[in-house]
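The block underneath contains the structure these notes are about, expressed in structure tokens.
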Number of protein chains: 2
Amino acid sequence: MASGKYAKEMDALKEHLAKHHLKFTRQRELILNAFLRQEHITAEAMYHQLAKTDPHLGLATIYRTLNLFCDAGIAQARHFGSQTQYDNVSHKGHHDHLICTGCGKIVEFENCEIEKLQEEVAARNGFSIQTHRLELYGLCTRCRN
Amino acid sequence: MASGKYAKEMDALKEHLAKHHLKFTRQRELILNAFLRQEHITAEAMYHQLAKTDPHLGLATIYRTLNLFCDAGIAQARHFGSQTQYDNVSHKGHHDHLICTGCGKIVEFENCEIEKLQEEVAARNGFSIQTHRLELYGLCTRCRN
DNA sequence: TTGAAATTGATAAGCCCTCTCAAAATTCTA
DNA sequence: TAGAATTTTGAGAGGGCTTATCAATTTCAA
């Protein structure tokens with residue numbers, strides 16, 4: 001049992017590592033702690049952020065580790081524009097996105113009723129939801145003219 | 001007024017072209033007709049599909065044209081994996097997905113209540129929805145053991 | 001402690017998409 | 001309708017983001 005601020009996710013990671021014969025490294029711990037402070041981040045952004053304290057951390061390692069987090073259910077990759085955003089699944093207030101197809105504007109929102117209906121749909125099909133992704137595409141007020 | 005199976009979209013395209021001082025070309029007509037037969041397609045897939053009958057149609061032209069369709073409101077780009085999917089906006093019968101993170105099983109579903117709530121959220125934020133994407137990730141019955 | 005196996009960092013390579021530019025096609029003008 | 005002006009096309013070069021490669025290092029189980 002790990003202790004500390006992010007004990008739950010640390011345990012989830014360790015369990016995933018053990019199950020797949022992977023190893024717990026300084027870099028993985030480092031990147032996990034940095035990642036969990038964010039709601040969502042790109043590999044590039046994390047690279048620059050960590051470079052301040054760990055200048056020798058490679059970009060490839062960041063990518064590999066964030067993808068590992070996705071496998072472990074801690075992160076979720078989302079393609080946004082030309083880059084990949086890694087979302088923090090455990091972040092409270094999971095939010096969804098309204099995306100304007102005209103100007104690219106993004107509005108975040110949260111809706112409990114929708115989430116409840118999602119649970120119902122999942123239950124009807126024998127699924128237990130771990131996470132979800134909802135993106136609404138349309139035109140914002142300004143672009144509708 | 002265009003005639004034929006896809007008259008409505010053809011008119012929409014011509015109107016957009018006229019408004020922006022662009023030209024109506026053989027390639028644009030060709031690609032539009034091929035595109036409207038699909039629910040969604042990638043530029044690469046369309047390139048190979050059209051190569052059978054028009055081997056000299058360039059990939060860059062496909063990309064340019066599909067992006068033009070997006071500007072004209074006929075198509076909509078969506079990043080999926082490493083590629084861009086161009087969705088046929090006029091296509092009805094949108095469905096969502098339940099995805100098992102254990103075995104990869106995918107179940108399609110449709111839920112009017114969720115769609116209604118989506119409309120409400122969008123309206124509250126001044127958006128008019130063109131399309132959406134909803135994916136629920138979790139474990140199916142079998143994988144939960 | 002020791003050896004097998006996994007990971008790392010640097011960079012090359014790959015993929016997807018856009019840019020460039022001369023030749024061709026379309027549209028406008030008279 | 002002929003010619004001029006403008007846009008588009010096709011082919012390949014270029015660019016951004018991500019993954020593959022590989023020798024050196026680190027982890028972990030026995």
Side-chain angles (χ1 to χ4, degrees), chain A residues 2 10 13-32 34-35 40-72 75-87 104, chain B residues 2 10 13-32 34-35 40-51 53-72 75-87:
Chain A
M10 197 62 82
L13 175 61
K14 285 185 174 170
E15 189 184 327
H16 178 85
L17 295 176
K19 196 187 292 181
H20 295 82
H21 307 289
L22 304 175
K23 293 172 179 177
F24 186 74
T25 64
R26 189 181 69 81
Q27 288 89 340
R28 284 173 178 170
E29 182 174 15
L30 206 68
I31 295 172
L32 181 60
F35 176 70
H40 48 73
I41 194 168
T42 64
E44 193 77 27
M46 174 153 282
Y47 178 65
H48 286 113
Q49 182 176 309
L50 290 176
K52 294 169 193 161
T53 49
D54 287 72
H56 294 298
L57 199 55
L59 181 57
T61 300
I62 309 264
Y63 272 106
R64 278 186 295 231
T65 305
L66 289 173
N67 287 334
L68 171 70
F69 292 170
C70 290
D71 294 341
Q76 190 177 135
R78 185 165 42 91
H79 300 279
F80 220 73
S82 63
Q83 283 188 293
T84 300
Q85 289 278 345
Y86 291 87
D87 292 359
Chain B
M10 195 62 83
L13 175 61
K14 285 185 175 171
E15 188 184 327
H16 178 85
L17 294 176
K19 196 187 289 179
H20 295 83
H21 307 289
L22 304 175
K23 294 173 180 178
F24 185 75
T25 64
R26 189 181 68 81
Q27 289 88 339
R28 283 172 179 170
E29 182 175 15
L30 205 68
I31 295 171
L32 181 60
F35 175 70
H40 49 73
I41 193 168
T42 64
E44 194 76 26
M46 173 154 283
Y47 179 64
H48 286 112
Q49 183 177 306
L50 291 176
T53 49
D54 287 71
H56 294 298
L57 199 56
L59 183 57
T61 300
I62 309 264
Y63 273 106
R64 279 186 294 233
T65 305
L66 289 173
N67 287 332
L68 171 70
F69 292 170
C70 290
D71 294 342
Q76 192 175 130
R78 187 164 46 91
H79 300 281
F80 209 75
S82 62
Q83 284 186 294
T84 300
Q85 288 278 347
Y86 290 88
D87 292 358

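Predicted model, so just to flag it, every value in this text is computed and none were measured. Chain A is the first sequence line, chain B the second, and so forth, proteins listed ahead of strands; every chain is numbered from 1.
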### Query
Okay, side chain of A/Thr61, backbone of A/Leu57: is any donor-acceptor separation there less than 3.5 Å?
no
### Task
Give a yes or no on whether a salt bridge exists between A/Asp71 and A/Lys19, defined as a side-chain N under 4.0 angstrom from a carboxylate O.
no
### Task
Using the heavy-atom set of chain A and a strict 4.0 Å cut-off, write down the first and last nucleotide of DNA chain D that makes it in, 5' to 3'.
D/dC17 to D/dC28
#### Entry: Given DNA chain D, 5'-ward residue of the pair B/His20 and B/Arg26, judged by closest heavy atom
B/His20
## Note on the structure
The residue, B/Leu22 or B/Gln83, whose nearest nucleotide of DNA chain C is more 5′ is B/Gln83
### Message
Distance check, rounded to the nearest 0.5 Å: A/Tyr86 atom OH versus A/His40 atom NE2?
### Response
14.5 Å
### Query
Looking across every strand, which nucleic acid part, if any, lies under 4.0 Å from A/Leu57 by heavy atom: base, sugar-phosphate, or nothing?
sugar-phosphate
### Task
Assign B/Gln27 to base, sugar-phosphate, or nothing according to its heavy-atom contacts below 4.0 angstrom with the strands shown.
sugar-phosphate
### Message
Regarding A/Arg64, tell me which of base, sugar-phosphate or nothing describes its non-hydrogen contacts under 4.0 Å with the strands shown.
### Response
base
#### Entry: Expected output: side-chain A/Arg28 to main-chain A/Lys23 donor-acceptor under 3.5 Å
yes
### Query
Any sub-3.5 Å donor-acceptor pair from B/Arg64's side-chain atoms to B/Leu59's backbone N or O?
no
### Side-chain heavy atoms of B/Thr84 within contact of A/His79, under 4.5 Å
no
### Message
Using a 4.0 Å cut-off to any heavy atom of chain A, which nucleotides of DNA chain C are the first and last in contact, reading 5' to 3'?
### Response
C/dA5 to C/dT11
### Message
Taking the side chain as everything from C-beta on, heavy atoms only, tell me whether A/Gln27 gets closer than 4.5 Å to A/Ile62.
### Response
no
### Message
Just to be sure I understand the rule, does A/Thr42 reach a base, reach only the sugar-phosphate, or reach nothing, if contact means heavy atoms closer than 4.0 Å?
### Response
nothing
#### Entry: Heavy-atom neighbours of A/Glu44 CD exceed 12 at 6.0 Å
yes
